[in-house]
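Atoms within each ligand, like the ligands themselves, are counted from 1 in listed order. This structure is a prediction, so every number in the text was calculated from the model and none was measured.
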Amino acid sequence: MPASNTEDPTRAAHVLLNLGAAARNLRRIRNVVPNARIMAVIKANAYGHGILRMARSLAGADAFAVARTDEGLTLREGGITQRIAVLQGFGSREELEEHAAADLEPVIHSDWQVDILENASLRTPLRVWLKLDTGMHRLGMLPAEFDSLLARLNACSSLAQPVPLMSHLANADDVEDAFTEHQLTLFRDITQSVASESSVANSAGLLAWHNARMEWVRPGITLYGVSPFPERTGADEDLEPVMTFRTRLISIKQVEAGTPVGYGGDWVCPHATRLAVAAVGYGDGYPRLARSGTPVLVHGQRLPLVGRVSMDMITLDLTECPEAKVGDLVTLWGEGLPVEEIASHAGTIPYDLLCGVTQRVKIIEY
Ligand SMILES: *Cc1c(COP(=O)(O)O)cnc(C)c1O
């Protein structure tokens, strides 16, 4: 990490974004699926990394996917010219017109959206995706309705044909779970007579399930350098973390055994403790439910969080790191400390932590 442009002069929590790592993660995924086209998933502000920033860093993607219309419009206003699929599609006729005007590609998941399409008069042929529910039971047409809805879409003169197909895997991160093959078989059975491109694989699907590698893949979390699998980290998949979350020590004091620490006095020093405060809390997106023992890095050494996480501060036991002093950097997750590990200490998943970094946290690109 180049120290010169990643030194934050403030004491506050900040995020470093390694944009080169994002581009390398994309290349790594290309090598895994050289024959597939890549729709890079940058919904939710690119998993907290900044949607336009990541669209530019991932310019080698064949298309982007976002969840909602305004995310797609933000990309177009920012000058992004790649294809953009909107995973939740449009919610009204007016929103459909916004899709057409901005050349967004709505994912059609419900029959009421087909009704809207049939009654619309669009000037340009609109590209849409048809989503099939193969077992996630969130968005998508049920198998029984698929044929008739596809026929209706095929009959819409304002749509580009053939309509590409999509489905989503519910359990692909569990490589032992037979449900994924069940979903893939169902998808192939239902779509075998349709000459369309297909897309079913998220990150876990494209890494672990060969049968999920169709014409298109839709990686999200792996582009940010994070493993989709429990008990593994991005490094195990040859990925590099894009986000490193850091702050600084703002207080250190020596306290006696038996001293309660923080709200509720939940944690009581079991021995004489060099107790430190770092300037980060749940107001910055550090997870409030991170338990005592969650690691941070100071001088390359893992040290434990102790006591409850507050809004602006956390407390650390620095007894094992006598050289640490006020002003020193504390890595909360990222390079040297996988976010996957912090998520498991906080009873959540890395996606949640990446998306949760708040507005007040300064961002430094390098
Ligand atoms: C979020 C999402 C993805 C990407 O999933 P990752 O696990 O982050 O790779 C792919 N497809 C759909 C429909 C999604 O909602």
Side-chain angles (χ1 to χ4, degrees), residues 22 25-26 28-30 32-33 36-49 51 54-55 58 61-69 71-72 75 83-89 104-110 113 128-141 164-175 177 179-180 183-184 187 197-209 212-234 236-239 241-243 339-340 343 348-356:
N25 292 335
L26 176 61
R28 150 82 178 136
I29 291 165
R30 268 223 193 280
V32 174
V33 284
R37 279 190 280 168
I38 295 177
M39 182 182 282
V41 181
I42 54 174
K43 63 195 181 193
N45 200 30
Y47 294 42
H49 295 66
I51 189 166
M54 293 315 293
L58 299 168
D62 302 293
F64 293 112
V66 294
R68 301 183 184 161
T69 303
E71 296 174 316
L75 290 173
R83 294 176 61 179
I84 301 171
V86 179
L87 296 169
Q88 294 181 7
L104 303 179
E105 304 184 17
V107 174
I108 308 302
H109 51 76
S110 296
Q113 292 174 314
V128 304
W129 294 73
L130 177 58
K131 184 152 189 184
L132 185 55
D133 178 2
T134 53
M136 176 85 178
H137 299 137
R138 202 175 57 179
L139 290 181
M141 311 293 183
L165 308 174
M166 194 180 273
S167 191
H168 196 42
L169 300 172
N171 297 12
D173 57 322
D174 181 351
V175 298
D177 193 330
F179 193 67
T180 298
Q183 283 195 269
L184 294 171
F187 185 86
E197 294 182 342
S198 295
S199 165
V200 297
N202 54 4
S203 295
L206 78 89
L207 286 174
W209 302 90
R213 298 173 181 176
M214 301 183 189
E215 288 83 0
W216 287 88
V217 294
R218 303 190 307 271
I221 196 75
T222 41
L223 296 171
Y224 310 100
V226 174
S227 174
F229 305 112
E231 314 295 329
R232 287 173 69 86
T233 68
D236 296 323
E237 325 297 345
D238 208 13
L239 300 166
V242 176
M243 180 192 292
V339 66
E340 292 91 329
T348 187
I349 54 174
Y351 301 69
D352 184 23
L353 298 190
L354 297 178
C355 287

Proximal atoms of ligand 1 relative to [X] (non-hydrogen, under 4.0 Å):
X: Ile221; answer: 6 (P), 8 (O), 9 (O)
X: Lys131; answer: 13 (C)
X: Arg138; answer: 15 (O)
X: Pro219; answer: 9 (O)
X: Val41; answer: 1 (C), 3 (C), 4 (C), 10 (C)

Counting only nitrogen or oxygen atoms and a 3.5 angstrom limit, does Leu87 reach ligand 1?
no

Under 3.5 Å, is there a donor-acceptor pair between the side chain of [X] and the main chain of [Y]?
X: Asp352; Y: Ile349; answer: no
X: Glu105; Y: Trp129; answer: no
X: Thr348; Y: Ala343; answer: no
X: Trp209; Y: Ala172; answer: yes
X: Ser167; Y: Leu132; answer: yes
X: Asp133; Y: Met141; answer: no

Shortest protein heavy-atom distance from [atom], along with the residue and atom involved:
atom: atom 11 (N) of ligand 1; value: Arg218 NE, 2.9 Å
atom: atom 8 (O) of ligand 1; value: Tyr47 OH, 2.6 Å
atom: atom 7 (O) of ligand 1; value: Tyr351 OH, 2.7 Å
atom: atom 9 (O) of ligand 1; value: Ser203 OG, 2.5 Å
atom: atom 12 (C) of ligand 1; value: His168 CE1, 3.3 Å
atom: atom 5 (O) of ligand 1; value: Asn202 CB, 3.5 Å

Does Thr222 reach the side chain of Glu237, with side-chain heavy atoms less than 4.5 Å apart?
no

Quick look: Lys43 vs ligand 1, heavy-atom contacts under 4.0 Å, and the answer is side chain

Modelled atom types, side-chain donor and acceptor of Arg218 and His168, under 3.5 Å:
yes

In Å, rounded to the nearest 0.5 Å, how long is the span from CE of Met166 to NE2 of His109?
11.5 Å

